Amino acid sequence: MDLGELRERVANVRAERGFTTDPVRVLTLLVEEVGEVARELKRTWSPNYDAFSVERLASELADVQTLLLALAHEYDIDLEAAVMAKLERDGEREWKSRRAAGDEA
């Protein structure tokens with residue numbers, strides 16, 4: 001299944017389940033899910049959380065992807081084409097490497 005087909009599948013499942021299609025609400029949910037990805041990654045270094053789980057991270061990343069595809073669907077954006085165009089545009093830019101300058105941040 002390509003990304004366009006996945007976008008349509010996500011839109012159909014979300015419609016069947018009665019989930020919101022309002023872009024502002026979808027974005028709010030997306031931001032919430034990105035926070036859940038951050039919380040899971042925090043488990044890799046914080047002693048105040050349970051152990052990190054790749055399975056939980058995968059689930060949270062799937063939530064992010066699902067909502068990103070839902071948002072793209074609302075504006076009829078072909079994410080595959082958009083990413084390829086972005087990579088092409090960015091490939092024409094001159095990039096300065098921090099590591100080459102000695103900064104490891």
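The structure displayed is predicted, hence computed values, not measured ones. All residue numbers refer to positions in the sequence shown, counting from 1. Just the heavy atoms: all of them, side chains too, but no hydrogens, waters or symmetry mates, feed the values below.
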Trainee: Nearest 0.5 Å, please: how far is CG in L30 from CD in Q65?
Mentor: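 That separation rounds to 10.0 Å.
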Trainee: If I compare all heavy atoms of V26 with all of A70, which pair ends up nearest, and what's the gap?
Mentor: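 So the two residues come closest at CG1-CB, 4.2 Å.
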Trainee: Report yes or no: do Y75 and L3 belong to one cluster of Ile/Leu/Val/Met/Phe/Trp/Tyr joined by side chain heavy-atom distances under 4.5 Å?
Mentor: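 Yes, it is one cluster - the side chains of Y75 and L3 are joined through contacts under 4.5 Å.
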Trainee: How close do I77 and A82 get, heavy atom to heavy atom, and via which atoms?
Mentor: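 Looking at all heavy atoms of both residues, the closest pair is CG2-CB, 4.4 Å.
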Trainee: Would a hydrophobic clustering, with Ile, Leu, Val, Met, Phe, Trp and Tyr connected at side-chain separations under 4.5 Å, put L6 with F19?
Mentor: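 Different hydrophobic clusters.
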Trainee: Kindly check if the number of other-residue, nucleotide or ligand heavy atoms within 6.0 Å of CD (E92) is above 12?
Mentor: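 Check passes, neighbour count above 12.
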Trainee: Can you check whether A62's main-chain N or O pairs, donor with acceptor, with T66's side chain at less than 3.5 Å?
Mentor: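 Present.
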Trainee: I'd like to check V10 versus L67 (side-chain heavy atoms, cut-off strictly below 4.5 Å). Are they in contact?
Mentor: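 With C-beta onward as the side chain, the pair stays apart.
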Trainee: Look at the side-chain heavy atoms of Ile, Leu, Val, Met, Phe, Trp and Tyr, link any pair under 4.5 Å apart, and say whether V83 and L71 land in one connected group.
Mentor: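 Per the 4.5 Å side-chain linkage, V83 and L71 are not co-clustered.
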Trainee: Do other residues, nucleotides or ligands put more than 12 heavy atoms under 6.0 Å from the CD atom of E88?
Mentor: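 For E88, atom CD is not crowded (no more than 12 foreign heavy atoms under 6.0 Å).
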Trainee: Identify, with sequence neighbours excluded, every residue that meets salt bridge (Lys or Arg N to Asp or Glu O under 4.0 Å) alongside R39.
Mentor: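 Residues passing salt bridge (Lys or Arg N to Asp or Glu O under 4.0 Å) with R39: none at all.
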Trainee: Is there a side-chain contact between E36 and L57 in this structure, where contact means two heavy atoms from C-beta onward sitting under 4.5 Å apart?
Mentor: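 In short, these two side chains do not touch, never coming nearer than 4.5 Å.
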Trainee: To the nearest 0.5 angstrom, please state how far the CD atom of E60 sits from the CD atom of E32.
Mentor: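 Between E60 CD and E32 CD, I get 9.5 Å after rounding to 0.5 Å.
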Trainee: Search all heavy atoms of E80 against all heavy atoms of G4 and return the closest pair with its distance.
Mentor: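 Answer, listing the atom of E80 first, then G4: OE1-N, 4.2 Å.
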Trainee: Between K86 and D90, is there a side-chain heavy-atom distance shorter than 4.5 Å?
Mentor: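 Yes - at least one pair of side-chain heavy atoms lies under 4.5 Å apart.
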Trainee: Can you name the one residue among D76, L68, D2 that meets side-chain contact (heavy atoms from CB on, under 4.5 Å) with R7?
Mentor: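 For R7, the side-chain contact (heavy atoms from CB on, under 4.5 Å) check succeeds only for D76.
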Trainee: Given side chains that start at C-beta, do those of T20 and L29 come closer than 4.5 Å, heavy atoms only?
Mentor: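 They are in side-chain contact.
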Trainee: Are V34 and V24 connected into the same hydrophobic cluster when the rule is that any two of I, L, V, M, F, W, Y join if their side-chain heavy atoms are below 4.5 Å apart?
Mentor: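 Different clusters: V24 never reaches V34 through Ile, Leu, Val, Met, Phe, Trp or Tyr contacts under 4.5 Å.
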Trainee: How would you list, by chain and number, every residue that makes a salt bridge (Lys or Arg N to Asp or Glu O under 4.0 Å) with R9, sequence neighbours excluded?
Mentor: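 Once residues adjacent in sequence are excluded, R9 has no partner under the salt bridge (Lys or Arg N to Asp or Glu O under 4.0 Å) criterion.
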Trainee: Within the distance-only criterion (no hydrogens, no angle test), does the side chain of T44 pair as donor or acceptor with the backbone N or O of L41 below 3.5 angstrom?
Mentor: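 It does hold such a pair.
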Trainee: To the closest 0.5 Å, what do you measure between CG (N48) and NZ (K42)?
Mentor: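 These two atoms lie 7.0 Å from each other.
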Trainee: Check the hydrophobic clustering (I, L, V, M, F, W, Y; side-chain heavy atoms under 4.5 Å; chains of links allowed) and say if M1 and M84 are grouped together.
Mentor: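 Hydrophobic grouping puts M1 apart from M84.
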Trainee: Before accepting this row, confirm whether a basic side-chain N of the pair D50/R56 lies closer than 4.0 Å to the acidic partner's carboxylate O.
Mentor: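 No, no charged N to carboxylate O under 4.0 Å.
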Trainee: Check step by step if side-chain contact (heavy atoms from CB on, under 4.5 Å) holds for H73 and L79.
Mentor: CA-CA 9 Å; H73 179 77; L79 277 178; over 6 Å; no
Trainee: For T21, is there any backbone N or O sitting under 3.5 Å from a side-chain donor or acceptor partner on R14?
Mentor: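 No, R14 side chain to T21 backbone: no donor-acceptor pair under 3.5 Å.
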Trainee: Between E40 and F52, which heavy-atom pair has the shortest distance, and what is it?
Mentor: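 That closest heavy-atom pairing would be O-CD1, 3.4 Å.
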